[in-house]
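To start, the structure under review is shown below, and the notes come after it.
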Amino acid sequence: MSRVYNFNPGPACLPEEVLREAAAEILDCRGTGMSVMEMSHRAPAFEAILQEAEADLRDLVGIGDDYTVLFLQGGASIQFSNIPLNFSRPRNGVADYIVTGQWAKKAYQEARLYGKANAVASSADKTFRYIPDVSDLPVS
């Protein structure tokens with residue numbers, strides 16, 4: 001079998017050694033007798049995996065201790081609901097958005113489901129070909 005290389009955003013090709021290790025650990029992850037998918041998220045074996053993943057990520061990307069690393073299910077789009085649910089609530093459910101492209105538009109539309117969302121600036125009029133001037137927006 002020849003390997004296919006996928007360079008799309010999202011899933012991408014992994015080194016064969018990583019795939020072989022994952023395949024072996026599907027039946028027995030690190031000698032626990034079960035796969036990681038079968039473990040309790042509170043089990044010491046899973047906690048060790050999580051701590052190692054966080055340490056590796058911090059080292060790889062240079063994340064300091066003054067930041068919290070969150071491992072969340074879902075893709076990037078899950079943030080379209082997480083952000084307004086978590087950050088607009090302390091502000092009485094109000095969030096301001098600068099809509100500069102399709103992803104920002106989707107985020108703004110999702111935020112409207114959870115509270116009051118204001119599109120305070122947008123470049124939709126020119127198919128998002130520019131960044132709107134927001135130098136005069138009030139800071140709250």
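Heavy atoms only, all atoms of each residue included: S35 and I26 are closest at CB-O, 2.7 Å. Residue M39 comes nearest to F46 through the heavy atom pair SD-N, 3.8 Å, listed as atom of the first residue, atom of the second, then distance. For the residue pair F80 and A107, the shortest heavy atom distance occurs at CD2-CB, 3.4 Å. Of all heavy-atom pairs between V134 and A121, the closest is CG1-CB, 3.6 Å. Scanning all heavy atoms of the two residues, the minimum distance from C13 to V4 falls at CB-O, 4.4 Å. A pairwise comparison of heavy atoms in Y108 and N118 identifies CE1-C, 3.8 Å as the closest pair.
Looking only at distances, a side-chain donor or acceptor of D28 sits under 3.5 Å from a matching main-chain atom of G33. Counting only distance, with no hydrogens or angles, the side chain of R129 and the backbone of K126 share a donor-acceptor pair below 3.5 Å. With hydrogens and angles disregarded, a donor-acceptor distance shorter than 3.5 Å links the side chain of D133 to the backbone of S135. Between the side chain of N82 and the main chain of N86, no donor-acceptor pair closer than 3.5 Å is present. Under the 3.5 Å distance criterion, the side-chain polar atoms of R30 are left unmatched by any main-chain donor or acceptor of A48.
The CD1 atom of I131 sits 6.0 Å away from the OG atom of S123 when rounded to the nearest 0.5 Å. Note that CG of L14 and CZ of R20 are 12.5 Å apart. Values are rounded to the nearest 0.5 Å. Atoms CD and CG, from E52 and L50 in turn, are 10.5 Å apart once rounded to the nearest 0.5 Å. Separation of atoms CD (E25) and CD1 (I49) is listed at 7.0 Å; rounding is to 0.5 Å.
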- request: Could you please spell out the steps behind the side chain to side chain contact (heavy atoms under 4.5 Å, CB included) verdict for K105 and Y97?
  value: CA-CA 9 Å; K105 180 179 172 184; Y97 282 77; over 6 Å; no
- prompt: Given E110 and K106, is the salt bridge (Lys or Arg N to Asp or Glu O under 4.0 Å) satisfied, shown in steps?
  reply: CA-CA 6 Å; E110 184 75 10; K106 289 177 183 184; over 6 Å; no
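Residue Y67 places its OH atom among 12 or fewer non-hydrogen atoms of other residues, nucleotides or ligands, all under 6.0 Å distant.
A salt bridge links R3 to E16: at least one charged side-chain nitrogen sits closer than 4.0 Å to a carboxylate oxygen.
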